[in-house]
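So the structure is just underneath, and the comments pick up after that.
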Amino acid sequence: MTATAATPTSRPMEPIAVTGAGSIGVAFAIVFARAGHEVRVWDPFPAALERARAELSDRLDQLSEHGLVGNPGAVRARVTCAQDLAEAVAGVALVQECAPERVEVKQDLIRRAARSAPGQAVFASSSSAIRPSLVAADLPEGLGERILVGHPGNPPYLIPVIELVPSPSTATWAVERARALYTGAGLRPVTVCHEPEGFVFNRLQGAILREAYCLLRDGIATVDEIDEVVRSGLGRRWSLIGPFETVDLNTRGGLASHAEKMGPAYARMGAERGQDDPWTPDLVSAAVQQRRTLLPLDRWEERVRWRDEQLMRLTPLWEDIRRTS
């Protein structure tokens, strides 16, 4: 049993609809079927459904080889490909919309699905950047309270984080129902407030990419050298802890000490790129307060030791992967 796999329960599992049979749609079908849900996959193109069947089997076999699916045949049997959208969404708890990244396509799909889905079904868009309020705009009255974004890491059957992004119109019950379904399927929901474009995942990724392009443009390092800094440096730590915890543990005295010592240097680096986002005292204080709630300073040494021990455990695996890559 891994952190990315949920154990099917003996209680009845509500069916799930996945609308869109691309790679993300197939991945969500695996996530929910592995947890015990009946999953109905629909796509307007029959060829896409045929491709999805083959991709589903291939992915399940691969997961089984690594012990991440106990019975791939049983999981496969829970997934059906529906020819009719109304059939796919009948009686479901959640419609996971996996249509192309175009607002009008998503709106049309949700509008059509809502005619046949239950009144309490939640509509979650897999959008990577489109705000849920844009998806909900101009849809029938009352439908907007059931719409949110459920943006996964890719692929979600291996990367368990999923961003829950409600709009100002999304009902609290819809967010909580989606959270419960995702959590039950082995995902780890993170609530994103104020629906910023790109949410959290792609804003963090975008910040790294923007600087990576600048470093390449300025002749600082090659593409592979920049990737190596992440592969063998930042990425190894980030597989265990995030950016705030990283700097909290890197500096004795924690986050407050790091901000005092390194804040000016980071401000100068940001100014080079035309950024003016200072770490103000109030902002640092808020971050420190949250970190100290998570990790009191009297446990700092203990956590540093834990970090190092986990890195030691993973080092042979990483080195083995590098030798075979």
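Position 1 is the first residue of the sequence, and the numbers go up from there. Everything numeric in this text was worked out from a predicted model, so none of it was measured.
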Ignoring hydrogens and angles, tell me if any N or O in the side chain of Thr251 forms a donor-acceptor pair with the backbone of Gly254 under 3.5 Å.
no

Cluster link Phe28 to Phe123, ILVMFWY, side chain under 4.5 Å:
no

Taking Glu14 first and then Arg177, would you say they form a salt bridge - that is, a charged N and a carboxylate O separated by under 4.0 Å?
yes

Hey, could you give me the CG/CG distance between Leu283 and Asp277, rounded to the nearest 0.5 Å?
9.5 Å

Can Val95 be reached from Met13 by stepping across I, L, V, M, F, W or Y side chains whose heavy atoms are under 4.5 Å apart?
no

State, to 0.1 Å, how close Ala35 and Ala185 come at their nearest heavy-atom pair, and which atoms those are.
CB-CA, 3.6 Å

Passing option when Val26 is tested against Val41, Val31, Leu60, Leu56 for side-chain contact (heavy atoms from CB on, under 4.5 Å):
Leu56

Regarding Ser57 and Arg76, do their side chains bring together a donor and an acceptor under 3.5 Å, going by distance alone?
yes

Just so I know, are the side chains of Val288 and Arg291 near enough to count as touching, which here means a heavy-atom distance under 4.5 Å?
no

Would you say Val105 and Leu134 are hydrophobically clustered, going by side-chain heavy atoms of ILVMFWY under 4.5 Å?
no

Does a salt bridge link Arg322 with Glu319, judged by any charged N lying under 4.0 Å from a carboxylate O?
no

For Ser167, all residues meeting side chain to side chain donor-acceptor pair (under 3.5 Å), sequence neighbours excluded
Thr170

Side-chain touch Val135/Arg131, heavy atoms, less than 4.5 angstrom:
no

Show your reasoning for whether side chain to side chain contact (heavy atoms under 4.5 Å, CB included) applies to Leu240 and Leu311.
CA-CA 8 Å; Leu240 300 167; Leu311 289 170; 3.7 Å; yes

SB check Asp298 Arg292 (cutoff 4.0 Å):
no

So Ser133 and Glu195, side chain to side chain donor-acceptor pair (under 3.5 Å) or not? Walk me through it.
CA-CA 8 Å; Ser133 58; Glu195 54 171 356; 2.7 Å; yes

Within residues 272-317 or reaching into it, pairs that qualify as ring pair (Phe, Tyr, Trp, His ring centres under 6.0 Å) - sequence neighbours excluded:
Tyr266-Trp279

Minimal heavy-atom distance between Ile159 and Asn154, with the atoms involved, is CD1-O, 3.2 Å

Angle between ring planes, Phe201 versus His151, binned at 30° and 60°: parallel, tilted or perpendicular?
perpendicular

Could you walk me through whether Leu68 and Tyr157 pass side chain to side chain contact (heavy atoms under 4.5 Å, CB included), step by step?
CA-CA 9 Å; Leu68 297 174; Tyr157 50 77; over 6 Å; no

So does Glu163 pair up with Arg203, basic N to acidic O under 4.0 Å?
no

For the residue pair Arg59 and Gln62, confirm or rule out a side-chain donor-acceptor distance under 3.5 Å.
no

Arg217: salt bridge (Lys or Arg N to Asp or Glu O under 4.0 Å) partners, not counting sequence neighbours:
none

Could you check whether Ser126 and Gln96, counting side-chain N and O atoms only, form a donor-acceptor pair closer than 3.5 Å?
yes

Can you tell whether the side chains of Arg273 and Glu211 come within less than 4.0 Å, N to carboxylate O?
yes

Taking every heavy atom of Trp42 against every heavy atom of Ala82, the minimum-distance pair comes out as CD1-O, 3.3 Å

Closest non-hydrogen contact found for Val18 with Ala29 is CG2-N, 4.3 Å

Angle between ring planes, Phe32 versus His37, binned at 30° and 60°: parallel, tilted or perpendicular?
perpendicular

Trace of the side chain to side chain contact (heavy atoms under 4.5 Å, CB included) decision for Gln310 with Arg307:
CA-CA 5 Å; Gln310 304 317 306; Arg307 176 202 63 191; over 6 Å; no

For the atom pair CG (Leu85) and CG (Leu109), what is the distance rounded to the nearest 0.5 Å?
6.0 Å

Test: Arg78 and Glu38 ion pair at under 4.0 Å:
no

Decide if atom CD of Glu176 counts as having more than 12 heavy atoms of other residues, nucleotides or ligands within a radius under 6.0 Å.
yes

Tell me whether Asp43 contacts the main-chain N or O of Ala48 through its side chain, where contact means a donor paired with an acceptor under 3.5 Å.
no

Within a strict 4.5 Å, meaning less than it, do heavy atoms of the Gln107 and Leu139 side chains meet?
yes

Could you tell me whether Asp84 atom CG has more than 12 heavy atoms of other residues or ligands within 6.0 Å of it?
yes

Verify the neighbour count for atom CD of Glu228: are there more than 12 heavy atoms of other residues, nucleotides or ligands below 6.0 Å?
yes

For residues Pro156 and Leu187, report the shortest heavy-atom separation together with the two atoms involved.
O-CD2, 3.6 Å

Distance in Å, Ile110 CD1 paired with Thr19 OG1, rounded so as to fall on 0.5 Å steps
7.5 Å

Please tell me if the side chains of Glu87 and Arg40 come closer than 4.5 Å, counting only heavy atoms from C-beta onward.
no

Run the side chain to side chain contact (heavy atoms under 4.5 Å, CB included) test on Ile147 and Ser125 for me, step by step, so that the C-alpha distance in whole Å, both residues' side-chain angles and the decisive distance to 0.1 Å come before the verdict.
CA-CA 8 Å; Ile147 294 173; Ser125 174; 5.9 Å; no

With rounding to the nearest 0.5 angstrom, report the CG to CZ distance, Asp108 to Arg102.
10.5 Å

If the condition is side chain to side chain contact (heavy atoms under 4.5 Å, CB included), which residues does Ser23 pass it with, not counting sequence neighbours?
Glu55

Which pair of non-hydrogen atoms, one from Ala259 and one from Val284, has the smallest distance, and what is that distance?
CB-CG1, 3.8 Å

If we count only N and O atoms by modelled type, under 3.5 Å, do the side chains of Thr222 and Glu225 hold a donor and an acceptor together?
yes

So do the side chains of Arg236 and Trp318 get within less than 4.5 Å of each other, counting heavy atoms only?
yes

Can you tell me how far the CZ atom of Phe45 sits from the CD atom of Glu50, to the nearest 0.5 Å?
15.0 Å

Joint hydrophobic cluster, Leu249 plus Met262, side-chain heavy atoms closer than 4.5 Å
no

May I ask you to say whether Arg305 pairs ionically with Glu302, meaning some side-chain N is under 4.0 Å from a carboxylate O?
no

Looking at residues at least two apart in the chain, or sitting in another chain, which of them share a salt bridge (Lys or Arg N to Asp or Glu O under 4.0 Å) with Arg303?
Glu245

Can you sort out the partners of Arg210 under salt bridge (Lys or Arg N to Asp or Glu O under 4.0 Å), two or more places apart, ordered by chain and number?
none

Roughly how far, to the nearest 0.5 Å, is the CD1 atom of Ile208 from the CG atom of Leu215?
9.5 Å

Salt bridge or not for Asp224 and Arg231, using N-O below 4.0 Å?
yes

With the side chain counted from C-beta on, respond yes when Arg34 and Val69 share a heavy-atom pair under 4.5 Å apart, and no when they do not.
yes

Side chain proximity check, Leu234 to Thr246, heavy atoms < 4.5 angstrom
no

Do Ile162 and Val190 come within less than 4.5 Å of each other through their side chains, counting heavy atoms only?
no

